[in-house]
Structure formats: C-alpha cells, structure tokens
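The shown structure was predicted, so the numbers you read here are calculated from the model rather than taken from an experiment.
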Amino acid sequence: MAQTTGTLETLAPSRDRRPRFRGPAFREAFWGFVFIGPWLIGLAVFTAGPMIASLAMSLTDFNLLAAEKTRFVGIDNYIQMTRDPLVATSVIATVKFALLFVPLTMIASLAFALLLNSPRLMGKSVLRTLIYMPMMIPLVASTLVWIGFLNTETGWLNQILGAFGLPQPDWINSETWIYPTLSIIGLWAIGNFMIINIAGLQSVPTELYEAARIDGAGAWKSFRNITIPLMSPVLLYNLVIVLIGTFQYFTQAYVMTNGRGDPNNATLFINLDLFREAFNFNKMGYGSAIAWLLFALVMVLTIAIFLAARGRIYYAAER
C-alpha cells in the first residue's frame, strides 16, 4: 500500500508553490504598467478628472461671475435642456451637417487614397505631401483664407464661376449653401484619413488581386469583394473618428460667424451652443450639462455603429 501511494504521488503533477507575484508573466505585466504609467496618469489628471468635475458641475448652478453663490440643483440643468429651443436647434443642425459631411469625407478620403496608391501614378510622394499639408495649417488661419476665397462679391470661386456664366451662390450667408461650404472647407483637411486609408490599401495582399484577375474579375469586382472587406476595420475606424469630430465641430463655425450661429442658427452646432452658454453667458453648470448631452449622443451613435458593423468587419486574426 505504501508503495502504491508513493507511485501515485510520483505520478501526480507537482504543485507550483512559488508566490503568484513572481515569474516572467508578472515581470512583463509590471514593466508594461511602468511604461504606460505616464499615460495613465495623464488620463486620470487631464481626462477622467475634468470629466468627473464637469459631471459634478452639471448638477449645480455654477456661474463664473458668482462662484460663491453656487448651489446644488440636481437634474434641473438637464430638465432645462429639454425646454431650451436652442439645444434642440443645435442638435438638429449638428445632425444635418453630419449627414452631409461624414459620407462626403469617407468617400473623398478613400478616393484620394485609391488614386495616390495607384502604381501608375507619377510623383505619388509629392502629391501625398501636398494633400496632407493643410493639416499643418492652424484652423483659424485656414478658415480665414476660405472666408476670403468664398466671399460673395470678391471671392475667387464666384469670380471663376461668373467667368463661365455659372450661378454665384452666397456660400456663407445662405442656409442652403452653408453646409456644403463647411463640407468643402473640411475636405481641404482630409489628409490624415487619406494616409490611414493608404496604409489600409497597402495591407491588402496583392496575390488576391492577381487571383481575381486570373478568374476574370474586373476592377470594380476586385474593389467590392477584396478591397472593401479587407479594409473594413480601417473604414470603421475612420467612420467613428469622423463622426466624433463632426459632433465636436466648433472652430470653423465660430470663426465664420463670430460665434453667432448665422445664418438663422444654421451653424449653431451643439459644441458652439455649449461654448456660448458656458463662456459667453457664464453658465458653467448648464454648459457642463450640454457637454454631457454631447457625450451621450456620441456614445450612443458610436455603439450603434459598432452594433451595425458586427459580423461585417473582417479581422484576419479571427478567420
């Protein structure tokens, strides 16, 4: 019996009695946290901290000119938003602009990427640099340049259109043309999305195109059945970033209308309404509540995009 017991003890796997917090896995995790430590500190101090502070502020009537009289008002600011016509106007204006600007940006950035990734195109590096270059120009300066270019009376664009006998729209002061105007200005700075799309295009294996060509597939079939599926993670990333940037749209609208939201509140985007309430009217509590409304809208739309994209995105590591 003793011999059998000894044999069983020999055959049984020995338990590792070393402390759990040792070994290569622990050291790897430890140094990983050490290296991302500065980022975690920055996230806590400069992102999470202000977010928590703005959430607390949204429950008060904090006014910059009378900070000592601040009172806790609970959800009164959120109730006021439901009765404020300017909040509804700003949300509608933002959604209208997003419906035009987001698809236009996605299509234009992909089209430029396809063009500048073509092996038959000469001087691709120079052209990529030129298209990306507007990203280096400050938004205020570039917006002022566009205001001059699109001026109804003296702008170059209307003078060119007039030379060909074409209509000369009031690009900046017309409700009909203000969203196309802002979209044109936005397309001037699609260099970052173009570069990301080029990286996605270059990650598609060329042998797939060769196999498709042998099977008789044309350029459109290859683009639809090879390029788009394999680039779907890149396109999803760009879509989410463009959507977030559109809902945070502020600088161009503020510079073009001096913060008034002209014409007829068509450019009173939600971020501009937030700024006016918080810094023009000094209602920091109410402005913080609008900021959380903006956060909720972007979060809901982002989750909806990921749910809609489920099963439609190709990840090479999963298949």
Practice item. Report the C-alpha distance between Thr89 and Asn265 in whole Å, list the side-chain angles of each, state the deciding distance to 0.1 Å, and finish with yes or no for side-chain hydrogen bond (donor to acceptor under 3.5 Å, both in side chains). Key: CA-CA 7 Å; Thr89 300; Asn265 287 334; 5.4 Å; no
Just wondering, are more than 12 heavy atoms of other shown residues or ligands nearer than 6.0 Å to [atom1] in [X]?
X	atom1	answer
Tyr237	OH	no
Phe247	CZ	yes
Gln202	CD	yes
Met135	CE	yes
Met136	CE	yes
Phe72	CZ	yes
Glu207	CD	yes

Do [X] and [Y] belong together in a cluster built from hydrophobic side chains that touch within less than 4.5 Å?
X	Y	value
Leu127	Ile137	no
Leu104	Ile228	no
Leu208	Leu201	yes
Ile147	Tyr179	yes
Trp177	Ile184	yes

Between [X] and [Y] (side chain of the first, backbone of the second, donor and acceptor by atom type, cut-off under 3.5 Å), is there such a pair?
X	Y	result
Arg312	Ala308	yes
Ser90	Phe269	no
Asp61	Arg71	yes
Arg128	Leu116	yes
Ser118	Leu115	no

Closest approach of [X] to [Y] (non-hydrogen atoms, all atoms of both residues):
X	Y	value
Gly287	Ala278	CA-CB, 4.2 Å
Ala93	Ala266	CB-O, 3.6 Å
Pro85	Arg83	CD-O, 3.2 Å

Review point. Aromatic rings Trp146 and Trp188: how do their planes relate, parallel, tilted or perpendicular, breaks at 30° and 60°?
Key: perpendicular
Point to revise | Aromatic ring pairing Tyr254/Phe275, orientation class (parallel under 30°, perpendicular over 60°, tilted between) | key: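 Perpendicular.
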Is the closest side-chain heavy-atom distance between [X] and [Y] below 4.5 Å?
X	Y	answer
Tyr249	Ile270	no
Pro205	Leu230	yes
Met106	Phe193	no
Ile172	Thr257	no
Thr267	Ile178	yes
Met256	Thr181	yes
Leu100	Pro180	yes
Ser288	Phe62	no

Exercise for review: Please determine which of Asn77, Val87, Asp84 meets the side-chain contact (heavy atoms from CB on, under 4.5 Å) test together with Glu277.
Suggested key: Asp84
Review point. Tyr78: what forms a side chain to side chain donor-acceptor pair (under 3.5 Å) with it, not counting sequence neighbours?
Key: Ser58
Using a 3.5 Å cut-off and no angle test, enumerate the donor-acceptor pairs between side-chain atoms of residues 35-45 and protein atoms at least two apart in sequence or in another chain.
none

Nearest 0.5 Å, please: how far is [atom2] in [Y] from [atom1] in [X]?
X	Y	atom1	atom2	value
Ser54	Leu59	OG	CG	10.0 Å
Met231	Leu236	CE	CG	11.5 Å
Asn192	Asn238	CG	CG	8.0 Å
Tyr209	Arg213	OH	CZ	10.0 Å
Leu114	Ser109	CG	OG	9.5 Å
Phe306	Ile313	CZ	CD1	8.5 Å

Practice item. Could you go through the side-chain hydrogen bond (donor to acceptor under 3.5 Å, both in side chains) check for Thr152 and Trp171 one step at a time? Key: CA-CA 7 Å; Thr152 307; Trp171 297 99; over 6 Å; no
Exercise for review: Would you check, one step at a time, whether the test side-chain contact (heavy atoms from CB on, under 4.5 Å) holds for Arg276 with Leu268?
Suggested key: CA-CA 10 Å; Arg276 295 204 315 179; Leu268 185 64; 3.7 Å; yes
Check your understanding: Passes side-chain contact (heavy atoms from CB on, under 4.5 Å), Leu99 versus Val95? Steps please.
Key -> CA-CA 6 Å; Leu99 289 175; Val95 171; 4.2 Å; yes
Practice item. Determine, stepwise, if the pair Met284 / Asn63 fulfils side-chain contact (heavy atoms from CB on, under 4.5 Å). Key: CA-CA 6 Å; Met284 294 297 295; Asn63 188 303; over 6 Å; no
Practice item. Test Leu144 against Val140 for side-chain contact (heavy atoms from CB on, under 4.5 Å), laying out the working first. Key: CA-CA 6 Å; Leu144 291 174; Val140 174; 4.3 Å; yes
Review point. Where do Asn158 and Asn151 land on the side-chain hydrogen bond (donor to acceptor under 3.5 Å, both in side chains) test, with the steps shown first?
Key: CA-CA 8 Å; Asn158 273 1; Asn151 186 277; over 6 Å; no
Point to revise | Asn271 versus Gln248, side-chain donor and acceptor atoms under 3.5 Å | key: no
